[in-house]
Undergrad: 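Before anything else, here's the structure in question.
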Amino acid sequence: MKSYTLTMIKPQAVKNQNIGNILAMINESGFRITAMKMLVLSNEQAKAFYAVHKERPFYGELVEFMTSGPIIAAVLEKENAVLDYRKLMGATNPADAAEGTIRKNYATDIQSNAVHGSDSDENAKNEINFFFPANELYTKCGKLVSEF
Ligand code: ATP
Ligand code: MG
């Protein structure tokens, strides 16, 4: 069954012009890109997106980093999208990331770790709605997804 996850290509990977390389890894691993945009997160948006980490010591720096330049937000479609994409991303700390993962190839450190991926189907749905209104979400045949 088709399922969905939300990815962000983080500011450092965009600055380093690794957008194309990362999207190629995503497609080569069997994900379809069904929505995508480039934007700079506002302070409020970054704080809200990472609100789950607000008690963590790195929260302030994380918000600063995530607003430091443009990001790519995209919706990825695949069977088992959330877990399969987390496998493709690799460990949060690139020092621990397996060979062949996006973070192994393109992350520079634990904060600048190239990509975000949703951690559950429920969070994927919330994160997709955070970035994309219904008229920006497409199916395989290019039609809008009216309900997700
Ligand atoms: P993401 O949610 O971005 O996909 P993740 O689920 O692998 O990453 P989380 O634990 O949710 O990791 O942390 C969110 C983000 O906060 C990390 O991707 C990283 O950018 C940053 N982060 C996590 N731990 C640290 C840390 N110890 N020091 C600095 N930044 C951190
Ligand atoms: Mg996370």
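Atoms considered below: every heavy atom in the structure, side chains included; atoms not considered: hydrogens, waters and symmetry mates. For ligands, and for the atoms within them, numbers begin at 1 and follow the listed sequence. If you're wondering where the values come from, they're calculated on a predicted model, not measured in any experiment.
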Undergrad: Is atom NZ of Lys54 surrounded by more than 12 heavy atoms (other residues, nucleotides or ligands) closer than 6.0 Å?
TA: no

Undergrad: Mark the output for Lys10 as yes if a heavy-atom distance to ligand 1 is under 4.0 Å, and as no if none is.
TA: yes

Undergrad: Tell me, which protein residue and heavy-atom name are nearest atom 1 (P) of ligand 1, and how many Å apart are they?
TA: His116 ND1, 3.1 Å

Undergrad: State whether the shortest distance between N or O atoms of Arg56 and N or O atoms of ligand 1 falls below 3.5 angstrom.
TA: no

Undergrad: Can you list the ligand 1 atoms lying under 4.0 Å from a non-hydrogen atom of Gly117?
TA: 4 (O)

Undergrad: Distance to 0.1 Å, residue and atom name: give those for the protein heavy atom nearest to atom 23 (C) of ligand 1.
TA: Phe58 CZ, 3.5 Å

Undergrad: For atom 6 (O) of ligand 1, grab the closest protein heavy atom and report residue, atom and distance to one decimal in Å.
TA: Arg86 NH2, 2.9 Å

Undergrad: Could you tell me the residue and atom name of the protein heavy atom closest to atom 13 (O) of ligand 1, and the distance to it rounded to 0.1 Å?
TA: His53 NE2, 3.4 Å

Undergrad: Judged by atom type as modelled, is there a donor-acceptor pair below 3.5 Å linking the side chain of Thr7 to the main-chain atoms of Ala74?
TA: no

Undergrad: Looking only at protein heavy atoms, which one is nearest to atom 7 (O) of ligand 1, and how far off is it?
TA: Thr92 OG1, 2.6 Å

Undergrad: Assess Phe65 for proximity to ligand 1: is some non-hydrogen atom of it under 4.0 Å away?
TA: no

Undergrad: Considering only non-hydrogen protein atoms, determine which one is nearest to atom 17 (C) of ligand 1 and report residue, atom name and distance to 0.1 Å.
TA: Asn113 ND2, 3.5 Å

Undergrad: Please report whether ligand 1 has a polar contact with Ser112, defined as an N or O pair separated by less than 3.5 Å (distance criterion only).
TA: no

Undergrad: Can you check which of Ile110, Thr5, Asn123 brings a heavy atom nearest to atom 28 (N) of ligand 1?
TA: Ile110

Undergrad: What do you reckon, does Glu127 put a non-hydrogen atom under 4.0 Å from ligand 1?
TA: no

Undergrad: Check whether any N or O atom of Met89, backbone or side chain, sits under 3.5 Å from an N or O atom of ligand 1, and answer yes or no.
TA: no

Undergrad: Would you compute the distance between atom OG1 of Thr101 and atom OH of Tyr106 and round it to the nearest 0.5 angstrom?
TA: 10.5 Å

